[in-house]
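Below you'll find the structure, written out as structure tokens, and then a few comments.
Sequence positions, counted from 1, serve as the residue numbers for this chain.
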Amino acid sequence: MEFLKNNIHMNVVRKNLVTTFYVTQEGIVNEAYPAIEKIIAHKERVVSDNVSVRNHQVVIDGSMSYEMMYYSEESDRVYGLEGEKNFQEIVKLPDVEEGEGSVRLEMISTSVKQIDSRRYLYKVGVMAYVTVEQIEDLECIRLPQGEDAQILEKEIEMLAIKADKNEMVQVHEIIRLPQGKPAIEKIVWKEVELQSVSTKVMDRQVEVSGELSVFLMYRTDVENSPEQWLETTIPFTQIIESEEATEGMVSYATVKLHTVNLAVQMNQDNELKEIAIAALLQMNIKLFEEKETSVIEDIYSPKRKMIPEFEEGKYYKLLVKNQARTKETIKVEVENTGERILQLCHGSAELRIENVIVGDNSIKILGKILAKIIYVSTDDHNPICCRKKEIPFEHIVDAENVRGQDKYYIDWRTEQITANMISGNEVEMKVVIAMEVFVFREEKGVFLKGVREEEFQPEELSKIPLIKGYVVDKGDTLWHLAKINHTTVEEIVRQNNLAGEKLKEGDKLLIVKSCQ
């Protein structure tokens, strides 16, 4: 017997694990810059450039970039340094030989120490959230039209993956200084972050939109002029072409800021009052289709002997797709520092997740929020200052029907950050934490893989009477009665004028065999 086969692609998570490692870098201030007297602020970013799974291990190639703002002994002006360190981390996976690997890298600690006035040592603790996946096919069998076989089907809900795309997308924009702002001599500090990211699936396209939050501090070309700063947002929309995409698909997308380059350029008046920004966004877009699929639970023919062959298989079912937001308030104090806040320049915050606990009907997310303010102080010698505050973070995402062994994707970021001075010693920051949780479950089932056909032996058919009366027993179904009596459900319904296919214990039926 020929069957029609329908292969359903599934994204199977082979392994989820979390590991930590350190990236260190000894840097040198070259002769083009003055020596370091006091480090004001430092900022780091870790990104993955390539993830490969081979020989029972995951190889992560990435880079750690950093920038530093400092004062020197030679001047009261602020200076900025940048640097980068490439790294490779190998994670052992004895029970996984191959697959597609992805990783989210998050910093859990950062420190920079001066060795002397021209040398410094960076140490960054990195937490890697590693996922190893593999595309597997579930083969579902259907019968072609015209076959006389009787089929018992059941519907199962499953999650089929249609696309898994990695894209690098550039965002280009020109930032112009507001009227009255002095021209730029040199940018000494920059903070560029993603916020308000959303995706929309359309026919053959996926739209990704969001904002780049930009804060710049720069020196001017005016002698004895204090440092200036600029804060703005850059909206962006990117269209990712995808032949598999159709409106209504379920998507899970991550967008990371990979690199940012700034270049000061002249405006039409030949003044250095424009900044060209080029941001490289690292995107992963997964497109899923939730579908009800009919699978054959049993098969027979009244006229032929059919022996079904079943095999155990697995499929995935979407449980939760939840976009959660929670607000946090953080107070950053500058007491016992000898100076007061004269003017607030900028406030920022980042979320560092340390643990994700999947429990019954909920997902608990634990970590820390690191808040930072840059401000002008009353210290005339070193007016630009930075203070940090770290607080614990805990949030529970409601996830109905979720159990501890379920698989998940999770993404998070900080957005809608506001900072306001309460007094000369305190700043209140309000932060919105945005999280997206995607939970799915592995289900097991028995699926038809083929049917063997054999001739009925005469004695097999002779055991079944041509016509008989039958009293329905507890647990009887029309399917079972039709199969063992070599007839069909439709014939039993027709011959007994039944209103439907439900039976009650004690019902009396007339059953006529369909084959001789």
Side-chain angles (χ1 to χ4, degrees), residues 29-30 32-34 40-43 45 65-72 74-84 168-197 208-239 255-282 342-348 372-376 383-386 415-419:
V29 181
N30 64 44
Y33 290 86
I40 305 168
H42 57 91
K43 181 176 176 60
R45 187 188 308 278
S65 58
Y66 62 88
E67 57 183 292
M68 186 191 309
M69 183 165 53
Y70 71 95
Y71 280 111
S72 75
E74 303 170 16
S75 170
D76 290 340
R77 308 194 77 178
V78 171
Y79 294 87
L81 285 175
E82 294 183 345
E84 187 176 58
M168 300 295 282
V169 176
Q170 283 198 335
V171 176
H172 295 276
E173 191 61 63
I174 301 296
I175 302 173
R176 295 175 174 83
L177 295 183
Q179 192 72 25
K181 280 276 191 182
I184 301 169
E185 180 190 26
K186 187 173 182 59
I187 294 174
V188 296
W189 183 258
K190 67 178 185 294
E191 292 187 32
V192 181
E193 300 296 341
L194 277 170
Q195 61 181 24
S196 304
V197 176
V208 181
S209 60
E211 293 179 341
L212 291 176
S213 170
V214 181
F215 172 73
L216 304 173
M217 181 167 280
Y218 66 93
R219 294 203 312 265
T220 74
D221 57 1
V222 180
E223 190 175 356
N224 298 323
S225 173
E227 283 74 22
Q228 301 289 314
W229 58 88
L230 171 69
E231 196 161 14
T232 187
T233 57
I234 300 173
F236 67 86
T237 299
Q238 295 287 333
I239 300 296
V255 184
K256 307 299 177 191
L257 193 57
H258 190 271
T259 55
V260 178
N261 292 309
L262 300 180
V264 180
Q265 60 187 33
M266 288 185 177
N267 62 11
Q268 58 186 5
D269 298 323
N270 292 326
E271 296 177 304
L272 292 171
K273 288 191 172 184
E274 291 185 350
I275 305 107
I277 181 169
L280 186 62
L281 307 183
Q282 191 177 43
L342 196 62
Q343 186 175 3
L344 182 63
C345 304
H346 178 63
S348 61
K372 178 177 65 183
I373 59 171
I374 296 176
Y375 61 95
V376 179
I384 303 298
C385 297
C386 175
E415 54 188 40
Q416 298 179 35
I417 301 167
T418 59

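- Residues T220 and P182 share a closest heavy-atom pair of CG2-CG, 3.6 Å.
- Remark: L230 CG to K181 NZ distance equals 6.5 Å, nearest 0.5 Å.
- Checked for salt-bridge contact, K43 and E82 miss the test: no charged N lies under 4.0 Å from a carboxylate O.
- You'll find the side chain of I275 stays beyond 4.5 Å of the side chain of V214, heavy atoms only.
- In this structure, a donor-acceptor pair under 3.5 Å is absent between the side chains of E84 and S65.
- Counting only heavy atoms from C-beta outward, the side chains of W189 and I384 never approach each other to under 4.5 Å.
- Taking 4.0 Å as the cut-off between side-chain N and carboxylate O, R45 and E67 do not count as a salt-bridged pair.
- The residues R77 and E185 are annotated as salt-bridged, a charged nitrogen and a carboxylate oxygen being separated by less than 4.0 angstrom.
- Remark: L344 CG to W229 CH2 distance equals 9.0 Å, nearest 0.5 Å.
- Here the side chains of E415 and L194 are not in contact, with every heavy-atom distance at 4.5 Å or above.
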Checklist entry - Would Y66 and L81 count as a side-chain contact (heavy atoms from CB on, under 4.5 Å) if you check the C-alpha gap in whole Å, the side-chain angles of each, and the deciding distance to 0.1 Å? => result CA-CA 8 Å; Y66 62 88; L81 285 175; 5.7 Å; no
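- Taken to the nearest 0.5 Å, the CD1 atom of I234 stands 11.5 Å off from the NE2 atom of H172.
- Two residues are said to be in side-chain contact when any heavy atoms from C-beta on lie closer than 4.5 Å; H258 and M168 meet this criterion.
- Counting heavy atoms from C-beta on, the side chains of I187 and V264 come closer than 4.5 Å.
- Looking only at side-chain heavy atoms (C-beta outward), F236 and L281 come within less than 4.5 Å of each other.
- Partners of H346 according to the ring-ring contact (aromatic ring centres under 6.0 Å, His included) rule, which considers only residues two or more places apart in sequence or in another chain, are F215.
- We find the SG-CD1 distance between C386 and I40 to be 8.5 Å, quoted to the nearest 0.5 Å.
- Just one residue in the list S348, C345, C385 forms a side-chain contact (heavy atoms from CB on, under 4.5 Å) with I374, and that residue is C345.
- Sorted by first and then second residue, the side chain to side chain donor-acceptor pair (under 3.5 Å) pairs involving residues 262-277 (not counting sequence neighbours) are R176-E274, Q265-E274.
- Residues N261 and I277 form no side-chain contact, since every pair of their non-hydrogen atoms from C-beta on lies 4.5 Å or further apart.
- Here the straight-line distance linking atom CG of L216 with atom CD of Q228 works out to 12.0 Å at 0.5 Å rounding.
- Nearest heavy atoms, Y70 versus P34: OH-O, 2.8 Å.
- The CG atom of L212 sits 13.5 Å away from atom CD of E191, with the distance rounded to the nearest 0.5 Å.
- Between the side chains of S209 and T237, not a single donor N or O lies within less than 3.5 Å of an accepting N or O.
- The closest side-chain heavy-atom distance from S72 to Y33 is not below 4.5 Å.
- Contact check on R219 versus E227 returns no salt bridge, with no Lys/Arg side-chain nitrogen under 4.0 Å from an Asp/Glu carboxylate oxygen.
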Checklist entry - Should I184 and L177 be marked as a side-chain contact (heavy atoms from CB on, under 4.5 Å) after you check the CA-CA gap, both sets of side-chain angles, and the distance that decides it? => result CA-CA 9 Å; I184 301 169; L177 295 183; 3.8 Å; yes
